[in-house]
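Notes to accompany the following structure.
Letters A, B, ... mirror the listed sequences (proteins, then strands); counts begin at 1.
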Protein chains: 2
Amino acid sequence: MKKTVFVFSALIVSLLILFQLSKYAYAANDISVEIVISSIAIVFFVIGLYINRKATQNQKHLPVPINFKKIEQLGISKREYEVLVQISKGLSNKEIADALFVSESTIKTHVSNLLLKLDAKRRTQAIQKAKDLQILAI
Amino acid sequence: MKKTVFVFSALIVSLLILFQLSKYAYAANDISVEIVISSIAIVFFVIGLYINRKATQNQKHLPVPINFKKIEQLGISKREYEVLVQISKGLSNKEIADALFVSESTIKTHVSNLLLKLDAKRRTQAIQKAKDLQILAI
DNA sequence: ATTGTTTTGGTACTTTAGTATGAGTGTTTC
DNA sequence: GAAACACTCATACTAAAGTACCAAAACAAT
């Protein structure tokens, strides 16, 4: 925050300096108008780049949008998707069963169906494929 | 690509127009120098923002930098890390063994050590933890 | 009300994963 | 050259995952 204030103060000061310089240059007729305008343009272009870069850096992990259409296309049901999410969190079948208040048998059924629909041999492969298909947030 | 060429052409044209306008304004003494400079500054500031936005949009999935220090901190060896990468791709122990030209026993040993070092109960949990620690590229 | 789908759950089974333990080989380091 | 470590591999075991098959209850849609 202090850094931001400092940067903006510096910007304002440099803008004022540019004003004075351009006036002086014009009065003295030393520098052509093209050079003055070009330098100003370049300076503020770079400032625009810099500011935007700082802003996008803070965004960082913009959550990947989940492809709901793909989920539907694959025929993955609501409950199956819930199980898939729990799998990706690293839970065991028993833990998922407890979290969703059903039996482990039920989870096994869901997992088997998921593996079929995702064309995966293992749950780890299912995680990988699901992320590739963007049906799981990374 | 065509779009980029078009945008830059438009930029150059607008720059030339600004030159002429500023000269004319100066000659006619209509507009104060502050307004001319400010408008140029604003225009190029916005252009800087726009260009950078377009550039960062194309990056999109900027690969998350791997935290090598963390790998060292956890005491994960080179070979163990290779196994971890294969696990995250969804391979079985046998498949990893074939990929790395060693026996399945060796992979099991590596996996066991990995689970200890990552404080995970299952390989799926290891994947999750490793990604949280930014040891694995997402 | 019947039909189709989802969700649930069970049994029995095979396969894979993971643990525990020991041990041989090679490399590095002091 | 001994100690420490990484890598390898094996056996024997337990635990978890996954398959196959079946079936009942819940539910929405026609």
Side-chain angles (χ1 to χ4, degrees), chain A residues 66-133 135-136, chain B residues 66-133 135-136:
Chain A
I66 290 173
N67 192 341
F68 292 106
K69 283 181 188 172
K70 203 81 202 174
I71 298 176
E72 225 176 327
Q73 275 177 31
L74 294 170
I76 295 175
S77 73
K78 217 180 294 180
R79 203 59 162 165
E80 283 165 356
Y81 183 73
E82 289 184 73
V83 172
L84 178 59
V85 171
Q86 300 298 320
I87 288 177
S88 78
K89 289 181 182 173
L91 300 194
S92 69
N93 288 338
K94 187 78 197 69
E95 287 169 344
I96 298 173
D98 292 344
L100 301 185
F101 304 107
V102 291
S103 82
E104 194 184 343
S105 294
T106 305
I107 300 302
K108 283 192 176 187
T109 307
H110 288 321
V111 172
S112 260
N113 291 331
L114 269 171
L115 295 183
L116 274 176
K117 291 172 182 177
L118 284 169
D119 189 31
K121 289 178 190 162
R122 284 162 293 281
R123 47 172 58 207
T124 49
Q125 200 181 0
I127 294 174
Q128 185 55 40
K129 288 210 173 191
K131 289 187 175 171
D132 279 349
L133 295 168
I135 59 184
L136 277 177
Chain B
I66 291 174
N67 192 341
F68 293 105
K69 283 183 188 172
K70 203 79 202 176
I71 297 175
E72 226 177 325
Q73 274 178 31
L74 295 170
I76 294 175
S77 74
K78 216 179 295 180
R79 204 55 163 167
E80 284 164 356
Y81 184 73
E82 291 183 72
V83 172
L84 178 58
V85 171
Q86 301 298 319
I87 287 176
S88 78
K89 289 182 182 172
L91 301 193
S92 70
N93 288 339
K94 187 77 196 69
E95 286 169 345
I96 299 173
D98 291 344
L100 301 185
F101 304 106
V102 292
S103 81
E104 195 185 341
S105 294
T106 305
I107 301 301
K108 284 191 176 189
T109 306
H110 287 321
V111 172
S112 261
N113 291 332
L114 269 171
L115 294 183
L116 275 177
K117 290 172 182 178
L118 284 169
D119 189 30
K121 289 176 190 164
R122 282 163 294 282
R123 46 171 62 207
T124 50
Q125 201 180 1
I127 294 173
Q128 184 55 40
K129 287 208 172 193
K131 290 188 176 173
D132 278 350
L133 294 169
I135 290 178
L136 280 176

Checking side-chain polar atoms at under 3.5 Å, does S103(B) have a donor or acceptor matched by the opposite partner on T106(B)? yes
Return the set of residues passing side-chain contact (heavy atoms from CB on, under 4.5 Å) with D98(B) (not counting sequence neighbours), or none when no residue passes. K94(B)
Atom-pair distance (CD1 on I96(A); P on dT8(C)), nearest Å: 13 Å
Is it the case that the side chain of E95(B) and the backbone of L91(B) share a donor-acceptor pair, with hydrogens and angles ignored and the cut-off at 3.5 Å? no
To the nearest angstrom, how far is R123(B) atom CZ from dA16(D) atom P? 15 Å
What is the separation between atom CZ on F101(B) and atom P on dT8(D), rounded to the nearest whole Å? 12 Å
Examine dA17(D): is either OP1 or OP2 under 4.0 Å from a nitrogen or oxygen in the side chain of N93(A)? Give yes or no. yes
For residues V111(A) and R123(A), report the shortest heavy-atom separation together with the two atoms involved. CG2-NH2, 4.1 Å
Under 4.0 angstrom between S112(A) side-chain N/O and dG18(D) OP1 or OP2: no
In numerical order, the residues of residues 66-83 of chain B whose heavy atoms come under 4.0 Å of DNA chain D are S77(B), K78(B), R79(B)
Indicate, with a heavy-atom threshold strictly under 4.0 Å, whether S103(A) touches base, sugar-phosphate, or nothing. sugar-phosphate
Tell me whether the OP1 or OP2 atom of dT16(C) has a side-chain N or O from R122(A) closer than 4.0 Å. no
What heavy-atom pair brings L74(A) and I135(A) nearest, and what distance separates the two atoms? CD1-CD1, 4.2 Å
What I'd like to find out is whether the side chain of V102(B) reaches to under 4.5 Å of the side chain of R79(B), using heavy atoms alone. yes
By the 4.0 Å heavy-atom rule, please label S105(B) as base, sugar-phosphate, or nothing. base
If you count every heavy atom of other residues, nucleotides or ligands that lies below 6.0 Å from E72(A) atom CD, does the total exceed 12? no
Using the rule given for side-chain contact (heavy atoms from CB on, under 4.5 Å), can you reason through L84(B) versus E80(B), listing the C-alpha separation, both sets of side-chain angles and the distance that settles it, and then say yes or no? CA-CA 6 Å; L84(B) 178 58; E80(B) 284 164 356; over 6 Å; no
Tell me the interatomic distance from I87(B), atom CD1, to dG18(C), atom P, rounded to whole angstroms. 7 Å
What's the angle between the local helix axes at either end of the helix from dA1(C)-dT30(D) to dC30(C)-dG1(D), using five pairs per end and rounding to 10 degrees? 50°
Nearest whole Å is fine: how far is dG18(D) P from I107(A) CD1? 12 Å
Nearest-nucleotide wise, let me know which of T106(B) and T124(B) is further upstream toward the 5' end of DNA chain D. T106(B)
Between dT7(C) atom P and N113(A) atom CG, what is the distance in whole Å? 10 Å
Just to be sure I understand the rule, does S92(B) reach a base, reach only the sugar-phosphate, or reach nothing, if contact means heavy atoms closer than 4.0 Å? sugar-phosphate
Comparing E104(A) with T109(A), nearest DNA chain D nucleotide closer to 5' gives the residue E104(A)
Closest contact, heavy atoms only, K129(A) versus L118(A): CD-O, 3.2 Å
Roughly how many Å is it from NZ in K108(A) to P in dA16(D), rounded to a whole number? 10 Å
Would one find a side-chain N or O of H110(B) under 4.0 angstrom from OP1 or OP2 of dG18(C)? no
